[in-house]
Amino acid sequence: MSENKAKPDRNWARQVWKVVCDIPPGHVLTYGEVARLSGMPRAARRVSQAMRWAPRSMKVPWHRVINAQGKISIPADSPWHKKQKQMLQEEGVVFLRGKVDLDKYGYQGAVDRLLWGGPVGE
DNA sequence: GGGCTGACCTACT
DNA sequence: CAGTAGGCCAGCC
C-alpha cells in the first residue's frame, strides 16, 4: 500500500498493464481491444502511452499489443520495433507480409480456439 | 487557462 | 488494397 504513491493519472495505466499481462502467450491484442477490456473503449491511444510507460519490473508483455492493422505500431526508428517482432515469433506468432493474422492470433480467435478446443485451420 | 501531440480506431473514397 | 478525414482523451508546454 505504500508503493501506490503514484499520481491518480497513472492509475488508469495500471489497469491497462493488468489486462496486457492477462494476454496468453502466442496471442496478440489490439490497442482498441485492450482499451475496451480495461474499461475505456475510446482509450486506444492511452493504451499506447501506457505501453511506453510500462516498466520492465512489471514484465508487461507489451510486445503482444499491436494495432488494428495487425502490424507493429512502433516506428522502425525504434529498436523495440525489431525486438517486438522477434518476441512474438518466439511466442509462436507468425508474421505474414509483415502483418499478424488477427483472425488466428487475435482475441476473438483465441476465444474461438478455446470453445472449439482445437487448432485454427478448421 | 489554452493548445498541440500521440506505440490509435473507424469509416469513407 | 491504399490513402484521407474526423474523433477521442490524457499528458505536456
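Within every chain, numbering begins at 1; the chains are lettered A, B, ... in the order of the sequence lines, protein sequences first and strands thereafter. Nothing here was measured: the structure is a model prediction, and the numbers come from that model.
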From SG (A/C21) to CE (A/M58), nearest 0.5 Å: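 One gets 6.5 Å once the value is rounded to the nearest 0.5 Å.
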Roughly how many Å is it from [atom1] in [X] to [atom2] in [N], rounded to a whole number?
{"X": "A/N67", "N": "C/dA2", "atom1": "CG", "atom2": "P", "value": "13 Å"}
{"X": "A/Q69", "N": "B/dT10", "atom1": "CD", "atom2": "P", "value": "10 Å"}
{"X": "A/K71", "N": "B/dC9", "atom1": "NZ", "atom2": "P", "value": "11 Å"}
{"X": "A/Y31", "N": "C/dA10", "atom1": "OH", "atom2": "P", "value": "19 Å"}
{"X": "A/L102", "N": "B/dC8", "atom1": "CG", "atom2": "P", "value": "14 Å"}
{"X": "A/M40", "N": "C/dG11", "atom1": "CE", "atom2": "P", "value": "10 Å"}

Heavy-atom donor-acceptor pair, A/S78 side chain to A/P75 backbone, under 3.5 Å: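 No, because the side chain of A/S78 does not come within donor-acceptor range (under 3.5 Å) of the backbone of A/P75.
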side-chain N/O A/W53 vs C/dG11 OP1/OP2, d < 4.0 Å: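 For C/dG11, OP1/OP2 do not have a side-chain N/O of A/W53 under 4.0 Å.
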Minimum-distance pair of heavy atoms, taken over all atoms of [X] and [Y]:
{"X": "A/G92", "Y": "A/Y105", "value": "O-OH, 3.8 Å"}
{"X": "A/A44", "Y": "A/A35", "value": "N-CB, 3.7 Å"}
{"X": "A/A68", "Y": "A/L102", "value": "O-CD1, 3.4 Å"}
{"X": "A/Q84", "Y": "A/I66", "value": "NE2-CG2, 3.7 Å"}

Strand contacts (DNA chain C) in residues 78-99 of chain A, 4.0 angstrom heavy-atom criterion: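 By residue number: none to list.
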Closest nucleotide among C/dG11, C/dC9, B/dC9 to the A/W12 side chain: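 Looking only at side-chain atoms, A/W12 lies closest to C/dG11.
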With sequence neighbours excluded, residues passing side-chain hydrogen bond (donor to acceptor under 3.5 Å, both in side chains) with A/S73: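 So A/S73 forms a side-chain hydrogen bond (donor to acceptor under 3.5 Å, both in side chains) with A/N67.
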Identified side chain to side chain contact (heavy atoms under 4.5 Å, CB included) partner of A/I72 from the options A/H81, A/K82, A/K83: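 Per the side chain to side chain contact (heavy atoms under 4.5 Å, CB included) rule, the option paired with A/I72 is A/H81, out of A/H81, A/K82, A/K83.
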Plane angle bin for A/W80 and A/W62 - parallel if under 30°, tilted between 30 and 60°, otherwise perpendicular: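 The arrangement is perpendicular - the two ring planes meet at more than 60°.
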Sugar-phosphate only, base, or nothing, as touched by A/A43 at under 4.0 Å among non-hydrogen atoms: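 Here A/A43 touches no strand at all.
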Could I get a table of every N or O pair under 3.5 Å where one atom is in the protein and the other is in nucleotides 3-6 of chain B?
unit_1, atom_1, unit_2, atom_2, d
B/dG6, N7, A/R45, NH2, 3.2
B/dG6, N2, A/R46, NH2, 2.8

